[in-house]
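Here's the structure we're looking at; comments come further down.
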There are 4 protein chains.
Amino acid sequence: MSEAPATMPTMPRRRRRAAGADPDKRRQILDGAHEIFIARGFDAASMSDIAAAANVSKGTLYVYFEDKEHLFVALIEREREAQKRGAFEALDEDPDLAHALTNFGERLIRLLVSEFAMSAHRIVIGVAERMPDLGREFYENGPMQGAQRIAGYLDRKVAAGQLAIDDTALAAMQFLDLCQSGLLRPRLFNAVRKPPSDAEISRVVAAAVEMFLARYAKRPAGR
Amino acid sequence: MSEAPATMPTMPRRRRRAAGADPDKRRQILDGAHEIFIARGFDAASMSDIAAAANVSKGTLYVYFEDKEHLFVALIEREREAQKRGAFEALDEDPDLAHALTNFGERLIRLLVSEFAMSAHRIVIGVAERMPDLGREFYENGPMQGAQRIAGYLDRKVAAGQLAIDDTALAAMQFLDLCQSGLLRPRLFNAVRKPPSDAEISRVVAAAVEMFLARYAKRPAGR
Amino acid sequence: MSEAPATMPTMPRRRRRAAGADPDKRRQILDGAHEIFIARGFDAASMSDIAAAANVSKGTLYVYFEDKEHLFVALIEREREAQKRGAFEALDEDPDLAHALTNFGERLIRLLVSEFAMSAHRIVIGVAERMPDLGREFYENGPMQGAQRIAGYLDRKVAAGQLAIDDTALAAMQFLDLCQSGLLRPRLFNAVRKPPSDAEISRVVAAAVEMFLARYAKRPAGR
Amino acid sequence: MSEAPATMPTMPRRRRRAAGADPDKRRQILDGAHEIFIARGFDAASMSDIAAAANVSKGTLYVYFEDKEHLFVALIEREREAQKRGAFEALDEDPDLAHALTNFGERLIRLLVSEFAMSAHRIVIGVAERMPDLGREFYENGPMQGAQRIAGYLDRKVAAGQLAIDDTALAAMQFLDLCQSGLLRPRLFNAVRKPPSDAEISRVVAAAVEMFLARYAKRPAGR
DNA sequence: GATGAATGAGCCTTCATTCAT
DNA sequence: CATGAATGAAGGCTCATTCAT
């Protein structure tokens, strides 16, 4: 609109805006893709279905995304970013170690077992054989990055003399795995209809923290 | 229409063999299906490929299995049974608790991270959305049953006074999750090219046993 | 049926016959392709149309031919072979040089200006930009080979002292071009509705022979 | 419909400009079309590519040209005119017949075998089945007109007593065909990578002139 | 029962054309 | 008039499934 000031010569600027750059429509398409991919998985989702769900013509899909795979990757990326924002915030605030770990663990697990996160996991894992790059990217920017963040936190606590851990990277992984013990896997296989209740999550995370501290908490010197 | 001609009784007296009941051919088909499904995943595997790999005509596939999905389910079932046989044997032999857990953990993880087991996991998880029954069946007869077996073992050790565990079901899950900490997930996402080495597995399982016992080993009374 | 004699062991021979090897059906498909390609050209011909014209399902097309291009090439090859058979037979029989050249020229041109040959030419030329291999193959096995054959004939006549030609390859080309002068090009551009009449062809070929001999006939010594 | 609103007379008094009448923009579009059509052929050229090559929006294309076909026809017409201007100029200047014919022949063939002329030929021939009008128009305004011009020249030479030709129309065609003997066809089928060298052209044209005169040159009376 | 040629629905993708801005 | 995002029909191709032999 106002991108063509009076002084602009006749030479047409090519593209006022990049093709397929309307962010609203892009979001609209991703929403439709979300709905269909989540409901059906990658292969069983058809571009026609997605176009219909997004209320967009099939052609428009290809204006915004190169092909089905790119659309799917874009969707995964959007959702991952959205999730990451919600997990690692108040990790260091709480001075009480047990409290901090519990808090963080509960938040993380609640995120992970959500209907959507589980679906995304399932799909990415399902296509990981054919699209190893997507799988790796997902792993590295998701679980691995999470573990690294916790490892950093543990490092600080070790330095502060609150924990005694040789291998904080391993310890971080252990903590994550303990927090989801018995919760994530049945969801991954779609063996339970609903996400675990907050109470269940609390119980498992509490047990995780207890075990974690039983192993790594610095015992008072004099014993 | 002509399924019961005059000369042929409803129940043939001497059925040469039930439809699709030649066990050798059935095995042959499953072998071909194994090869192709593992290499390509569920959707990308074509019935033609499977027929070729099994050295069988496409029509024969449909004599032995109702459709692609049933063939896949049958394959998963067969493979799961084969695997289960190899894992839970020497669980109780060893009188030394740490030794027994270590032994079992290492064996189990080696099984799970194998190229084949990972592929099977990926596929089942990938189709779990569309085929929830398969996912549940796989989970219940695989991981869940494994955990139950460990829980039973733990129960016996609790009864024997060697361990102090309230919730052995949870403890069993925790043990399993600790044993694979940092090993299984990257494989699941195909983020690492090769299975972990035996040394890596040993290290992680050792850490798992240590943490497990730090939490649940019965401390000498007077303490 | 009788291909499995009593002594044949259980090991199934893979494929009694190669896939897509029924020659009748192959011919049937090529006939349909002929009709559609000739009527519409390469790009405007759709595989659906061809399938319909051949009275075959779309899938069957792909059992017999790898893709649209291969189908087209196969068609061109079939037609070229059919044509070649009809052209170069009685080239050397006639002892009278002018008679032989006239005979051959008329036969060849009649073949070339036929509705079908023209269509094939147009299509191959039309796709030559994108499919240079096809164009080259067509040229080398068609016009070029024809010219070579004539060149060989001329060589023999030169050796026999009937003609005086330095460059028989060029002379052969000249003869061919003279024979079709004003006949082929308008057909190629579809600028005339119907093939030239036999009378027209005779007239042009006669003029071609006359000019050809005016240039290359050995004049009696003493002249 | 609303093409003549009340306030607007049928013939607008001061039409700013007729629809699609900016000759610069028209030229700009044709230049883009030239580039793309020549590089890809008619069907494989997309209107998007043309719009991009012309630095014009796709919509503008349709302001200046009714549809893809009309655009293509307009392009062909423009190019033909450009070419014609370069060929038939110095046909009558040279008093020496052989020299004049050679000169003209070489110029014409050099024009015809150029990369661009060949592409145009291929495309027009390729679509001639679907667009017979275009093919005819191209033929009549190109080769046919060229032949007519030569025929006129020959007529004059016959009148001048330099040549003895019954059918100058046929003779003109013969001359043209001889000039390109072995040069044009392989190019048309894209069977040779590059245009023939000037030396090759000279050789063929020289042979053409020689043969032409051997047939039609008036022999000195007394002979 | 075994075969594999045939089917045809359906998939992803392209592109000429339109139309709101 | 210019723009280019949007459309949707159509294209080439695949593959689970059927059925005559």
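Protein chains get the first letters and strands the later ones, always in sequence-line order, with residue 1 at the start of each.
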Would D:R27 and D:D22 pass as an ion pair if we require N to O under 4.0 Å? no

A:N55 vs B:D67, nearer the 5' end of DNA chain F by closest nucleotide: A:N55

Donor-acceptor check, side chain of C:N190 to backbone of D:A128, threshold 3.5 angstrom: yes or no? yes

Within the sub-3.5 Å range, which N or O atoms of nucleotides 9-11 of chain E have a protein N or O partner, and how far apart are they?
residue : atom : partner : partner atom : Å
E:dG10  : O6   : C:K58   : NZ           : 3.1

A cation-pi test, strictly: NZ or CZ of A:K25 under 6.0 Å from the centre of the six-membered ring of A:Y64 and no more than 45 degrees from its axis. Yes or no? no

Could you check how far CG of C:D22 sits from C1' of E:dA6, rounded to whole Å? 11 Å

I would like to know whether B:E137 and B:R80 meet salt bridge (charged side-chain N to carboxylate O under 4.0 Å, His left out); could you show each step before the answer? CA-CA 10 Å; B:E137 197 259 10; B:R80 189 180 7 69; 2.7 Å; yes

With a 4.5 Å heavy-atom cut-off, do D:L30 and D:F65 have their side chains touching? yes

Taking OP1 and OP2 of F:dT3, is either one under 4.0 Å from a side-chain nitrogen or oxygen of D:S57? yes

Whole-Å gap separating C1' (F:dG12) and CZ (C:R130): 14 Å

Quick one: on DNA chain E, does A:Y62 or C:T60 contact a more 5' nucleotide (nearest heavy atom)? C:T60

Pair A:D24-A:Q28, side-chain contact (heavy atoms from CB on, under 4.5 Å): steps then yes or no: CA-CA 6 Å; A:D24 285 341; A:Q28 189 181 336; 5.8 Å; no

Within this structure, what is the CZ-to-P distance between C:R40 and F:dA10, rounded to whole angstrom? 13 Å

With a 4.0 Å cut-off, would you call B:K58 and B:D49 a salt bridge? no

Over how many whole Å does the gap from B:F65 atom CZ to E:dA2 atom P extend? 12 Å

What base-paired stems does DNA chain F take part in, with at least 3 consecutive Watson-Crick or G-U wobble pairs and both distances under 3.5 Å? E:2-21 with F:2-21

Any side-chain heavy-atom pair from C:H34 and C:R78 closer than 4.5 angstrom? yes

D:F42 ring centre to D:K68 NZ or CZ under 6.0 Å, with the angle to the axis within 45°? yes

Residue mapping more 5' on DNA chain F - nearest nucleotide basis, B:E66 or C:E66: C:E66

Write down the distance between CG (B:L61) and P (E:dG4), rounded to a whole number of angstrom. 12 Å

Given DNA chain E, 5'-ward residue of the pair A:F42 and C:K25, judged by closest heavy atom: C:K25

How many Å lie between CD1 on A:I50 and P on E:dT13, as a whole number? 10 Å

Between E:dC15 atom P and D:F37 atom CZ, what is the distance in whole Å? 13 Å

Output the rounded distance in Å from CZ (D:F72) to C1' (E:dA16). 16 Å

